[in-house]
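Lettering follows sequence order; numbering is per chain, from 1.
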2 protein chains.
Amino acid sequence: MLSQTQENYLKCIYKLSEEITEGATTNTIAEVLKTKAASVTSMLKKLASKKLIHYEKYQAVSLTAKGKKEALSIIRNHRLWEYFLVHKLNFNWDEVHDLAEELEHVNSDLLIKRLDMFLGFPKFDPHGDPIPDPNGKIVHLKALPLCECKTGDSVIISGVCEHSTEFLTYLKEKGLTLGKKITIEQIIPFDSSMKLLLNKKTSLFVSYKITQNILVQWA
Amino acid sequence: MLSQTQENYLKCIYKLSEEITEGATTNTIAEVLKTKAASVTSMLKKLASKKLIHYEKYQAVSLTAKGKKEALSIIRNHRLWEYFLVHKLNFNWDEVHDLAEELEHVNSDLLIKRLDMFLGFPKFDPHGDPIPDPNGKIVHLKALPLCECKTGDSVIISGVCEHSTEFLTYLKEKGLTLGKKITIEQIIPFDSSMKLLLNKKTSLFVSYKITQNILVQWA
DNA sequence: TAATTTTTTTTGATTAGTCTAAATTTATTT
DNA sequence: AAATAAATTTAGACTAATCAAAAAAAATTA
Ligand SMILES: [Mn+2]
Ligand SMILES: [Mn+2]
Ligand SMILES: [Mn+2]
Ligand SMILES: [Mn+2]
């Protein structure tokens with residue numbers, strides 16, 4: 001049996017391993033989970049002893065097949081609960097992350113199976129993230145960050161990189177929601193900020209940091 | 001903030017205090033929560049220091065107003081989740097208790113408010129137990145245990161005292177579900193077991209222990 | 001290469017919850 | 001009232017998860 005804490009570590013390691021950056025190192029894990037490096041080291045030893053991660057002193061860790069399966073199962077739970085909260089309980093997409101963070105740990109395959117059926121087997125969560133199937137299979141959609149687009153491109157918002165309430169609330173208020181079609185009107189070379197055309201009438205300025213965290217697909 | 005364990009203790013103390021029996025003593029709490037008396041004592045001290053219970057050495061404990069409010073809130077969560085599992089996810093009434101035991105600890109007033117609305121503000125859970133309102137107000141329905149009925153009585157099953165899977169599965173298999181009308185055909189004086197008339201054709205023998213745990217109302 | 005900085009691990013403590021065994025208090029018998 | 005039994009608390013130890021401070025290793029810089 002895994003504790004809630006251990007499950008959160010696995011999920012964190014999974015996500016860090018997916019990123020292009022330095023990988024799941026002691027410090028980055030500590031930063032993401034808002035804990036201290038010393039705590040991480042001791043947890044890594046525990047996870048290694050349970051054969052959930054590959055751990056070698058001073059090295060970034062990676063998940064074993066077993067650990068990856070666990071991580072994907074929790075991510076599946078998380079995203080299905082988010083879908084439930086948004087589409088059944090009428091929450092906004094910026095309100096559901098913390099709740100799903102707790103619900104994901106209720107461990108029952110049957111519960112998740114029934115929930116999945118009840119929701120109509122959704123493939124994506126409210127933030128555009130793919131929901132792994134019961135076997136942990138996950139589709140990687142070919143989306144690119146808005147910042148990689150050129151002037152004149154017309155694209156559709158298909159996801160976000162950042163899930164904080166502040167960021168999602170901002171997008172919601174500006175009308176930058178999933179499925180929204182936008183056109184890049186102008187890119188300011190100095191700071192790489194963008195002027196977006198939301199519709200015939202309105203345009204919107206966004207910083208580079210914003211464009212880094214919005215994922216789009218070709219319209 | 002209360003831990004999951006502390007919430008379970010409060011709920012347990014609430015239920016034991018409601019019963020006609022000896023009340024919430026160290027040993028009974030230990031028995032219900034499947035822990036040891038020593039553990040209970042140390043937890044009682046902690047709950048007392050948080051002003052959640054009245055505790056005096058060697059005496060049965062009782063909830064403070066604050067403690068009672070907490071307990072009723074958790075019971076509300078529990079019963080709403082049970083209702084959800086049965087009426088939305090198609091679980092049977094004998095499958096939901098353990099899941100609700102976990103879901104009840106996801107602490108969010110907004111979540112419960114939305115869930116309540118989504119379910120259509122149910123007043124009773126799948127076992128016939130009343131769901132406390134958001135303020136902790138709870139109706140006490142006037143049901144009596146089947147064992148107190150006399151030969152010839154016609155009654156309707158309105159609840160159960162015992163929530164174990166074994167007991168509920170037994171009732172389900174025998175067709176003794178909520179709302180079922182039954183007539184007491186015969187009471188065996190020797191062991192107080194009953195012969196119940198389920199319909200024109202079929203009757204069923206049940207032990208005294210069974211009749212103690214079925215709650216009924218007059219038909 | 002040597003010095004410095006950063007990262008990671010170790011050490012020793014803390015808190016929550018639990019347990020066994022022993023001590024104490026309360027209740028029941030004789 | 002004394003002896004016995006039952007219930008409860010205390011004492012001491014354990015695991016899981018955490019932290020601060022110190023030590024050690026790795027990476028960087030000079
Ligand atoms: Mn979580
Ligand atoms: Mn999401
Ligand atoms: Mn519980
Ligand atoms: Mn119930």
Side-chain angles (χ1 to χ4, degrees), chain A residues 1-13 16-17 19 21-63 67 70-71 74 101-102 104-107, chain B residues 1-13 16-17 19-63 66-67 70-71 74 101-102 104-107:
Chain A
M1 251 310 73
L2 296 182
S3 70
Q4 214 161 294
T5 309
Q6 289 166 7
E7 291 184 347
N8 284 337
Y9 270 88
L10 290 181
K11 203 170 56 150
C12 173
I13 293 166
L16 287 173
S17 304
E19 285 174 19
T21 53
E22 52 191 326
T25 63
T26 305
N27 267 349
T28 49
I29 295 170
E31 192 185 10
V32 172
L33 296 182
K34 292 180 180 30
T35 182
K36 296 293 145 68
S39 311
V40 174
T41 300
S42 85
M43 179 58 88
L44 292 182
K45 287 176 178 171
K46 202 168 301 167
L47 294 174
S49 81
K50 291 190 174 188
K51 310 277 186 201
L52 293 161
I53 62 170
H54 299 292
Y55 172 61
E56 281 182 90
K57 271 191 183 184
Y58 303 103
Q59 301 293 130
V61 297
S62 61
L63 296 173
E70 288 289 347
I74 301 153
E101 203 60 42
E102 295 203 47
E104 70 187 0
H105 301 290
V106 176
N107 235 314
Chain B
M1 253 307 74
L2 296 181
S3 69
Q4 213 160 297
T5 309
Q6 289 168 6
E7 291 185 346
N8 284 336
Y9 270 88
L10 290 181
K11 203 170 57 150
C12 173
I13 293 166
L16 287 173
S17 305
E19 286 176 18
I20 338 92
T21 54
E22 50 190 331
T25 63
T26 305
N27 267 348
T28 50
I29 295 169
E31 193 185 9
V32 172
L33 295 182
K34 293 182 178 31
T35 181
K36 294 294 145 67
S39 311
V40 174
T41 299
S42 85
M43 179 57 88
L44 292 182
K45 287 176 178 172
K46 203 167 298 169
L47 294 175
S49 82
K50 291 189 174 187
K51 311 278 188 201
L52 293 161
I53 62 170
H54 300 293
Y55 172 62
E56 283 182 87
K57 270 192 183 182
Y58 303 103
Q59 301 293 130
V61 297
S62 62
L63 296 174
K66 190 180 164 198
E70 288 288 348
I74 301 152
E101 203 61 41
E102 296 202 48
E104 68 187 1
H105 302 290
V106 176
N107 236 314

Take the protein atom CG of A/L44 and the nucleotide atom P of C/dT10, then report the distance between them rounded to whole Å. 11 Å

Atom CG of B/L33 to atom C1' of C/dC19: distance rounded to whole Å? 15 Å

To the nearest angstrom, the CD-P distance between B/E7 and C/dA16 comes to 16 Å

How long is the line joining CD of A/E22 and P of D/dT28, in whole Å? 11 Å

Under 3.5 Å, which donor-acceptor pairs link side chains of residues 34-42 of chain B to any protein atom two or more places apart or in another chain?
unit_1	atom_1	unit_2	atom_2	d
B/T41	OG1	B/A37	O	3.2
B/S42	OG	B/S39	O	3.2

Check the distance between D/dT9's C1' and B/Y55's OH and give it to me in whole angstrom. 7 Å

Measure from the side-chain N and O atoms of A/T28 to the backbone N and O of A/A24, and report whether any donor-acceptor pair falls under 3.5 Å. no

To the nearest 0.5 Å, what is the distance between CD (B/E31) and CG (B/L16)? 9.5 Å

Value for CG (A/L44) from CD1 (A/I29), rounded to nearest 0.5 Å, stands at 5.0 Å

Return the minimal non-hydrogen interatomic distance between A/A60 and A/T25, and the atom names on each side. CB-CG2, 3.9 Å

Applying side-chain hydrogen bond (donor to acceptor under 3.5 Å, both in side chains), can you list everything that pairs with B/K46, at least two apart in sequence or on another chain? none

Starting at CG of B/N8 and ending at C1' of C/dG17, how long is that distance when rounded to a whole Å? 13 Å

Considering just the side-chain nitrogens and oxygens of B/K45, establish if one lies under 4.0 Å of OP1 or OP2 belonging to D/dT10. yes

Sort and list the pairs that fulfil side chain to side chain donor-acceptor pair (under 3.5 Å) and have at least one residue in residues 2-12 of chain A, not counting sequence neighbours. A/Q6-A/K50, A/E7-A/H105, A/E7-A/N107, A/N8-A/H105, A/K11-A/E101, A/K11-A/E104

Quantified as the angle between the terminal helix axes (five pairs each), what is the overall bend of the helix from C/dT1-D/dA30 to C/dT30-D/dA1 to 10 degrees? 10°

State the CG-CD1 distance between B/L47 and B/I53, to the nearest 0.5 angstrom. 5.0 Å

Interatomic distance, B/L10 atom CG to B/M43 atom CE [nearest 0.5 angstrom]: 9.0 Å

Report all interatomic pairs (protein N or O, nucleotide N or O of nucleotides 15-19 of chain D) with separations under 3.5 Å.
unit_1	atom_1	unit_2	atom_2	d
D/dA17	OP1	A/S3	OG	2.4
D/dA17	OP2	A/Q6	NE2	3.1
D/dA17	OP2	A/K46	NZ	3.0
D/dC19	OP2	A/T35	OG1	2.6
D/dC19	OP2	A/K36	N	3.1
D/dC19	OP2	A/S39	OG	2.7

Examine C/dT6: is either OP1 or OP2 under 4.0 Å from a nitrogen or oxygen in the side chain of A/N27? Give yes or no. no

Would you mind classifying the nucleic acid contact of A/T41 as base, sugar-phosphate or nothing, using non-hydrogen atoms under 4.0 angstrom? base

Heteroatom pairs (N/O) under 3.5 angstrom, protein to nucleotides 22-26 of chain C:
unit_1	atom_1	unit_2	atom_2	d
C/dT25	O4'	B/Y58	OH	3.3

So for atom CD, which belongs to B/E102, do other residues, nucleotides or ligands contribute more than 12 heavy atoms lying within a distance under 6.0 Å? yes

